[in-house]
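Step one of this worksheet: look at the structure below.
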Amino acid sequence: MSEAQGSSGPGPVTADDVREAVRLAVDALRGAEAADWDAKAGSLDWSCRETVEHLADDLFAYAAQLGPRGAPSDTEVPFVWRAERPGGPANVIFADRTAGVAGLVQVLEACGALLAAMVRTTPATVRSHHVFGASDPEGFAAMGVVETLVHLHDVAEGLGVRWEPDAGLCDRALARLFPNAPAGTGRWPTLLSATGRAELPGHARLTRWRWHGAPRGER
């Protein structure tokens, strides 16, 4: 787990948070190997398998953005993204289908480890491109945590498994990427609301949303 919350609010999102989010996801998915992985993932137009591949690809891509010397400030690292079918997610990363669910989950775990390693070893002064604005290693860690938590929500709905991540993990991610999110509400429901997946009492469900990846103090 990440370092303890200080008196001024949630602590930073760290490499340990990335590892913890992915660990929780992997444990949940390994308990659902007998489910229908071709089922639709929640409100998405992708299957559960496709959504996990997309998540692994997100984690890989965030790690890659931090990799080059002189990280790119205005573009993504130019990998080739492709979709396996019309309407499917465009990825660099795909799991070998012959490896089954165990192989798919291993791909997710490996990509999470790559992001955690890059966050841990990249200087905090580095800035790299994201479509929502240039961010720092902590920002990419928070993006990886949010992607993992909310896409596991999508997949859990499709597979019929329970998924409710740690409130502290959600709180740190909300503080970093969604500074205007409601306070005084459950942290997991609030993260689902901030990403357009749920409606909080007194707040309309979002049909469009974004996070704010700019480093702390640079917003």
Side-chain angles (χ1 to χ4, degrees), residues 1-3 12-44 46-67 84 88-89 91-122 137-174 176-177 187-189 191-192 195 197:
M1 295 296 293
S2 181
E3 56 211 71
V13 183
T14 67
D16 286 343
D17 286 327
V18 176
R19 293 302 297 261
E20 177 68 0
V22 174
R23 183 192 68 79
L24 293 170
V26 165
D27 288 349
L29 295 176
R30 283 182 174 150
E33 291 195 16
D36 179 7
W37 285 75
D38 290 322
K40 184 180 175 183
S43 61
L44 304 181
W46 303 332
S47 72
C48 293
R49 179 184 178 84
E50 287 175 331
T51 303
V52 174
E53 283 184 327
H54 165 77
L55 170 57
D57 190 78
D58 281 339
L59 300 176
F60 166 82
Y62 295 157
Q65 284 301 115
L66 294 172
E84 288 195 321
N91 299 342
V92 174
I93 300 296
F94 293 93
D96 182 353
R97 281 186 172 268
T98 64
V101 172
L104 174 65
V105 173
Q106 192 174 56
V107 167
L108 172 61
E109 191 171 22
C111 290
L114 288 174
L115 177 57
M118 289 306 302
V119 169
R120 197 181 304 279
T121 58
T122 302
E138 187 207 357
F140 282 101
M143 294 176 209
V145 168
V146 170
E147 296 277 10
T148 301
L149 301 187
V150 302
H151 279 315
L152 254 290
H153 167 77
D154 301 329
V155 172
E157 285 193 339
L159 298 180
V161 300
R162 186 176 182 276
W163 173 250
E164 184 171 353
D166 174 70
L169 198 57
C170 298
D171 199 23
R172 290 188 290 280
L174 281 164
R176 181 60 178 80
L177 296 181
R187 298 294 79 193
W188 175 226
L191 183 56
L192 290 177
T195 55
R197 287 167 168 82

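This chain uses plain numbering: 1 for the first residue, then up along the sequence.
- Surrounding CD of E157 are more than 12 heavy atoms belonging to other residues, nucleotides or ligands, all under 6.0 Å away.
- Contact between L177 and G139 at its shortest, heavy atoms only, is CD2-O, 4.2 Å.
- Relative ring orientation between F140 and Y62 is described as tilted, the plane-to-plane angle lying within the 30° to 60° band.
- Annotation: R19, atom CZ; neighbour count of heavy atoms from other residues, nucleotides and ligands within 6.0 Å does not exceed 12.
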- Task: List the steps, then state whether side-chain contact (heavy atoms from CB on, under 4.5 Å) holds for V119 with T14.
- Result: CA-CA 7 Å; V119 169; T14 67; 6.0 Å; no
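- Using a 3.5 Å distance cut-off with no hydrogens or angles, the side chains of T98 and D96 do pair a donor with an acceptor.
- Here the rule is side chain to side chain contact (heavy atoms under 4.5 Å, CB included) with L169, and of V13, V18, V145, T148 only V145 fits it.
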- Message: Run R197 and D154 through salt bridge (charged side-chain N to carboxylate O under 4.0 Å, His left out) and show every step you take.
- Response: CA-CA 9 Å; R197 287 167 168 82; D154 301 329; 2.9 Å; yes
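- At a threshold of 4.5 Å between non-hydrogen side-chain atoms, the residues I93 and C111 count as touching.
- The shortest distance between side-chain heavy atoms of H151 and D58 falls below 4.5 Å.
- Smallest separation of non-hydrogen atoms from V155 and C48: O-SG, 3.7 Å.
- By the 4.5 Å heavy-atom criterion applied to side chains, L59 and L55 are counted as neighbours.
- With rounding to the nearest 0.5 angstrom, the CG atom of D17 is 9.0 Å from the CD atom of E138.
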Quiz: residues 29-36 side-chain donor-acceptor pairs under 3.5 angstrom, not counting sequence neighbours:
unit_1	atom_1	unit_2	atom_2	d
R30	NH2	E109	OE1	3.1
D36	OD1	D38	N	3.0

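- In this structure, CD on E147 lies 11.5 Å from CG on L152, to the nearest 0.5 angstrom.
- Between G158 and A39, the shortest heavy-atom distance links the atoms O-CB, 3.8 Å.
- Annotation: ring pair (Phe, Tyr, Trp, His ring centres under 6.0 Å) contacts of W46 (sequence neighbours excluded): H54.
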- Query: Should L104 and W37 be marked as a side-chain contact (heavy atoms from CB on, under 4.5 Å) after you check the CA-CA gap, both sets of side-chain angles, and the distance that decides it?
  - Reply: CA-CA 11 Å; L104 174 65; W37 285 75; 3.7 Å; yes
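- Between C170 and P165, the shortest heavy-atom contact is SG-CG, 4.0 Å.
- Residues G67 and M118 come closest through the heavy atom pair CA-CE, 3.6 Å.
- Taking each heavy atom of W163 and A156 in turn, the nearest pair found is CB-CB, 3.6 Å.
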